[in-house]
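Have a look at the structure below, then the notes.
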Amino acid sequence: MQYYAHISGDKVRKQTVKEHLTGTASRSELFAEAFRCGAWGYGCGVFHDIGKYSQGFRKRLEGGSITDHATAGAQEMMGLYARTNPLAAYCVAYCISGHHSGLLDGGRNGDTAGEATLQGRLKKQLEDYSPYKDEVEMPVFPGRPLTPIGKGGFSLSFYNRILFSSLVDGEYLHTQQFMLGHDGGRGGP
C-alpha cells in the first residue's frame, strides 16, 4: 500500500510520505548544521509526519476531515528515546508536536489527553500509524547538543526554538517545492 503526504493542486502528482519525510529531513538537517546539530535536524524531519501513515490521513487527502498527524511523531520519540536519550526525546517531541501550531507549553503530568500541551498530546489516543515502521529508519541523536549558558533553562529553551525553526522551515520549503513542481527560489541556510 502506498501512503501519500501531499497531492498537487491539479491532482496529477502525488508525494509519498517517505519522500516527504526524507526531503524534509534533508532540509532540516542543512538548517540545523548551521549550529552543528544536523543529525538532530534530520531526526526531527524523519519523524515529524509519521502520523500521515494513518487511514484517517489517507481519508483527509480524499477530502475528509482534518486529522492530527503531528502528535504521532512526538509520541514515538518519547516511546523510543525517553529512557536512553531523554534530552533528544523531549526536544524533538516539542518540535514535532508543534510543527503546525507553534511550540506547545510543556504542561504538567496531570494534563488530560488532548490538552494543548506537550503532556496532553503525549496522552492522546491516536489512530494506528504503525506502517511507518516498514519505511522509516530510526534516526540517531548524538550526545548532548549544547553547552549550558546562563541560568535555568535558557540554553535548552533557545536550542529548542532554533531546532523547531529548522524543522518548520525545512518542511515548508520541501512542501512548497512539491506543490509548485519546482524549487520556489529560496536558498539554503
Side-chain angles (χ1 to χ4, degrees), residues 5 17 20-21 24-25 27-29 31-32 35 37-54 56-57 60 65-133 136 138-172 174-175:
V17 177
H20 178 58
L21 296 177
T24 297
R27 286 185 182 258
S28 182
E29 178 181 33
F31 290 123
F35 50 99
C37 291
W40 286 63
Y42 187 85
C44 280
V46 165
F47 266 32
H48 85 284
D49 270 353
I50 62 172
K52 289 186 175 185
Y53 281 97
S54 71
F57 189 79
R60 170 70 179 144
S65 60
I66 293 175
T67 183
D68 178 356
H69 65 273
T71 298
Q75 289 182 354
E76 284 300 300
M77 280 303 303
M78 295 306 292
L80 293 169
Y81 296 100
R83 290 193 177 176
T84 59
N85 194 342
L87 183 64
Y90 276 99
C91 287
V92 175
Y94 267 111
C95 294
I96 291 172
S97 64
H99 78 272
H100 288 296
S101 60
L103 284 171
L104 301 171
D105 182 290
R108 294 176 168 69
N109 285 335
D111 289 355
T112 59
E115 276 191 62
T117 65
L118 180 61
Q119 290 301 320
R121 293 271 182 95
L122 294 175
K123 294 174 184 171
K124 187 175 181 180
Q125 288 295 116
L126 299 176
E127 184 179 358
D128 179 44
Y129 54 89
S130 63
Y132 91 90
K133 294 175 183 177
V136 177
M138 295 299 109
V140 174
F141 296 93
R144 191 177 183 103
L146 61 138
T147 302
I149 57 173
K151 292 184 177 186
F154 175 78
S155 296
L156 187 57
S157 176
F158 181 78
Y159 176 75
N160 250 29
R161 283 170 173 73
I162 198 161
L163 185 64
F164 175 75
S165 179
S166 297
L167 171 60
V168 171
D169 289 352
E171 183 188 34
Y172 179 85
H174 185 259
T175 301

Indicate yes or no: at least one non-hydrogen side-chain atom of [X] is less than 4.5 angstrom from one of [Y].
{"X": "Gln75", "Y": "Phe47", "value": "no"}
{"X": "Phe57", "Y": "Tyr129", "value": "no"}
{"X": "Phe164", "Y": "Cys91", "value": "no"}
{"X": "Cys44", "Y": "Thr24", "value": "no"}
{"X": "Thr112", "Y": "Lys123", "value": "no"}

So, for [X] and [Y], which heavy atoms are closest and what is the spacing to 0.1 Å?
{"X": "Leu167", "Y": "Cys95", "result": "CD2-O, 3.8 Å"}
{"X": "Tyr53", "Y": "Val136", "result": "OH-CG2, 4.0 Å"}
{"X": "Pro131", "Y": "Asp128", "result": "CD-OD2, 4.1 Å"}
{"X": "Ala70", "Y": "Ile96", "result": "O-CG2, 3.3 Å"}
{"X": "Met78", "Y": "Ala93", "result": "SD-CB, 4.1 Å"}
{"X": "Leu118", "Y": "Tyr90", "result": "CD2-CD2, 4.1 Å"}

Can you list the residues that meet the side-chain hydrogen bond (donor to acceptor under 3.5 Å, both in side chains) rule with [X], with sequence neighbours excluded?
{"X": "Thr67", "result": "none"}
{"X": "Glu29", "result": "none"}
{"X": "His99", "result": "Asp49"}

Next on the checklist: Test your reading of the model: is there a side-chain donor-acceptor pair from Arg121 to the backbone of Ser97, 3.5 Å cut-off?
Outcome noted: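 The answer is yes, because a donor-acceptor pair under 3.5 Å joins these two groups.
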
Checklist entry - Are the side chain of Glu127 and the backbone N or O of Gly56 linked by a donor-acceptor pair below 3.5 Å? => result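 Between the backbone of Gly56 and the side chain of Glu127 there is a qualifying donor-acceptor contact (under 3.5 Å).
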
Next on the checklist: Restricting to salt bridge (Lys or Arg N to Asp or Glu O under 4.0 Å), what partner residues turn up for Asp68, sequence neighbours left out?
Outcome noted: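 Testing Asp68 for salt bridge (Lys or Arg N to Asp or Glu O under 4.0 Å), a comparison that skips the adjacent residues, returns Lys124.
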
Item to check | Under the salt bridge (Lys or Arg N to Asp or Glu O under 4.0 Å) test, residues paired with Lys133 that sit two or more places apart | outcome: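 Salt bridge (Lys or Arg N to Asp or Glu O under 4.0 Å) check on Lys133 returns nothing, list empty.
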
Item to check | Donor-acceptor side-chain pairing of Arg161 and Ser157 below 3.5 angstrom | outcome: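 Side-chain D/A pair, Arg161 to Ser157: present.
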
Checklist entry - Are a donor atom and an acceptor atom from the side chains of His20 and His48 found within less than 3.5 Å of each other? => result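 Yes, side-chain donor-acceptor contact under 3.5 Å.
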
Using residues 79-89 as the side-chain source, report each donor-acceptor pair under 3.5 Å to any protein atom, sequence neighbours left out, with the distance given to one decimal.
residue	atom	partner	partner atom	Å
Tyr81	OH	Pro139	O	2.6
Asn85	OD1	Ala88	N	3.3
Asn85	ND2	Phe141	O	3.1

For the atom pair [atom1] ([X]) and [atom2] ([Y]), what is the distance rounded to the nearest 0.5 Å?
{"X": "Trp40", "Y": "Phe35", "atom1": "CH2", "atom2": "CZ", "answer": "10.5 Å"}
{"X": "Thr71", "Y": "Leu104", "atom1": "OG1", "atom2": "CG", "answer": "8.0 Å"}
{"X": "Asp169", "Y": "Ser28", "atom1": "CG", "atom2": "OG", "answer": "9.0 Å"}

Item to check | Stepwise side chain to side chain contact (heavy atoms under 4.5 Å, CB included) check, His100 with His69 | outcome: CA-CA 10 Å; His100 288 296; His69 65 273; 3.1 Å; yes

